[in-house]
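Input: a single structure, listed below in structure tokens.
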Amino acid sequence: MAFELAFSGAAARVLQSEAAFSGHFSVRRLTLQHRLFAGGWSEPLVREVFERGDAVAVLPYEPETDCVILIEQFRPGALRDAHSPWMLEVIAGVVEAGETDAQVAHREAAEEAACELAELLPIASYYPSAGACSEHVRLFCGRVTAADAGAVHGARDEGEDILVHRIPRAEALALLAADRVPNGHTLIALQWLQLQGESLRQRWLS
């Protein structure tokens, strides 16, 4: 028998929702209740939820060279990191109204790395930090047809300063094994590539 969660969305209810903060991102303050495993409902709970919209992330893979295209950029949330607040990442962007996931993947790849993608393969969809954030991420692998490795890209009006890297798959997986990939999207993507890399390369080169 397939596994099923104990509750569905109907087992939670929002009693009140109000804006707690609005800036570059926003925070909503929710008063809510949910069903308990032992039966009945919880007492009303007040929780702040960070809202930044849904996102699409893509790992660009170049089968001809057996390389991935990764980007390096400054992340303020990692200022506490003793090593560096600059991170090596997959390409990612927020989904705008009316956009498909494929449109976001192509737009962000072009903007952040002058990267052109052909086929897109879904890797995973997930909530990076559901205890505090409503963001949902759809992660893909994209076949690279062109990329501007070594150059600096990004939307200047958004404060982006992005360095593009072309990294051999074996080297990227070595960074993964050495615990040098602290970014969640990239960690998941490279773990997937570790499992699927050989068959993926054969598929895209055939």
Side-chain angles (χ1 to χ4, degrees), residues 5-37 41-59 70-109 111-113 122-141 153-162 176 179-192:
L5 294 171
F7 296 123
S8 68
R13 57 194 182 196
V14 175
L15 306 177
Q16 185 177 355
S17 175
E18 59 183 338
F21 173 81
S22 181
H24 185 65
F25 298 115
S26 63
V27 176
R28 294 202 68 79
R29 181 174 294 112
L30 305 178
T31 303
L32 54 88
Q33 288 180 294
H34 62 79
R35 291 283 188 183
L36 299 172
F37 293 120
W41 289 85
S42 69
E43 293 297 319
L45 305 170
V46 177
R47 295 290 184 268
E48 285 77 33
V49 176
F50 176 53
E51 296 186 329
R52 54 162 294 158
D54 289 352
V56 166
V58 59
L59 171 67
L70 297 175
I71 59 174
E72 180 181 346
Q73 61 182 319
F74 172 78
R75 291 303 197 189
L79 278 168
R80 59 180 292 184
D81 194 291
H83 176 62
S84 175
W86 274 260
M87 288 198 168
L88 190 64
E89 302 178 348
V90 296
I91 289 165
V94 174
V95 180
E96 303 293 345
E99 280 190 309
T100 66
D101 288 352
Q103 288 171 331
V104 179
H106 288 290
R107 169 173 57 78
E108 290 296 326
E111 182 179 290
E112 296 187 348
I123 294 177
S125 59
Y126 54 94
Y127 294 91
S129 186
C133 182
S134 64
E135 180 187 33
H136 184 256
V137 177
R138 276 86 73 184
L139 176 60
F140 296 84
C141 181
H153 289 277
R156 296 295 184 266
D157 59 339
E158 297 177 14
E160 292 183 337
D161 182 56
I162 299 171
L176 177 69
D179 193 23
R180 292 183 57 194
V181 184
N183 173 269
H185 305 332
T186 312
L187 187 71
I188 294 170
L190 291 180
Q191 287 176 333
W192 177 89

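Residue indices begin at 1 and follow the sequence shown.
Judged purely by atom type and a 3.5 angstrom limit, Arg156 uses its side chain to pair as donor or acceptor with the backbone of Gly154.
Between Glu48 and Phe50 the shortest side-chain heavy-atom distance does not fall below 4.5 Å. Between Leu45 and His34 there is a side-chain heavy-atom pair separated by less than 4.5 Å. Side chains of Val58 and Glu108 form no contact here, defined as non-hydrogen atoms less than 4.5 Å apart. Side-chain contact check for Asp101 versus Val95: some heavy-atom pair is nearer than 4.5 Å. Looking only at side-chain heavy atoms (C-beta outward), Val90 and Leu70 come within less than 4.5 Å of each other. The closest side-chain heavy-atom distance from Asp161 to Phe74 is not below 4.5 Å. Looking at Met87 and Thr186, their side chains never come closer than 4.5 Å, going by heavy atoms from C-beta outward.
For the residue pair Gln73/Glu89, the side-chain donor-acceptor check at 3.5 Å is satisfied.
Taking CZ of Arg52 as the start and CD of Glu135 as the end, the distance is 4.5 Å to the nearest 0.5 Å. Between Arg107 atom CZ and Glu96 atom CD the span is 5.5 Å, to the nearest 0.5 Å. Put simply, CG on Leu59 and CZ on Phe140 are 12.5 Å apart, with the number rounded to the nearest 0.5 Å. Here Leu32 contributes atom CG and Leu15 contributes atom CG; the two are 7.0 Å apart, rounded to the nearest 0.5 Å. Atom CD of Glu18 and atom CZ of Arg29 lie 5.5 Å apart (nearest 0.5 Å). Atom-to-atom distance recorded for Ile91:CD1 and Glu112:CD is 6.0 Å, nearest 0.5 angstrom.
Nearest heavy atom pair, residue Val104 against residue Gly93, reads CG1-O, 3.8 Å. Contact record, Ser17 with Leu30: OG-CD2, 3.4 Å, taken as the closest heavy-atom pair. Here the closest non-hydrogen pair linking Trp192 and Cys141 is CZ3-CB, 3.7 Å. Ala155 and Glu111 make their closest contact through CB-OE2, 3.8 Å (heavy atoms, listed as atom of the first residue, atom of the second, distance).
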Under the side chain to side chain contact (heavy atoms under 4.5 Å, CB included) rule, what do Gln103 and Val56 come out as? Steps first, then yes or no, please. CA-CA 10 Å; Gln103 288 171 331; Val56 166; over 6 Å; no

Assess whether side chain to side chain contact (heavy atoms under 4.5 Å, CB included) is satisfied between Phe25 and Glu51, documenting all intermediate values. CA-CA 7 Å; Phe25 298 115; Glu51 296 186 329; over 6 Å; no

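By the neighbour-count criterion of 12 heavy atoms within 6.0 Å, atom CZ of Arg180 is sparsely surrounded, having that number or fewer from other residues, nucleotides or ligands.
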Got a list of side-chain donor-acceptor pairs under 3.5 Å for residues 122-134, not counting sequence neighbours?
from	atom 1	to	atom 2	distance (Å)
Tyr126	OH	His185	ND1	2.8

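Relative orientation of the Phe37 and Phe7 rings is parallel, given thresholds of 30° and 60° on the angle between their planes.
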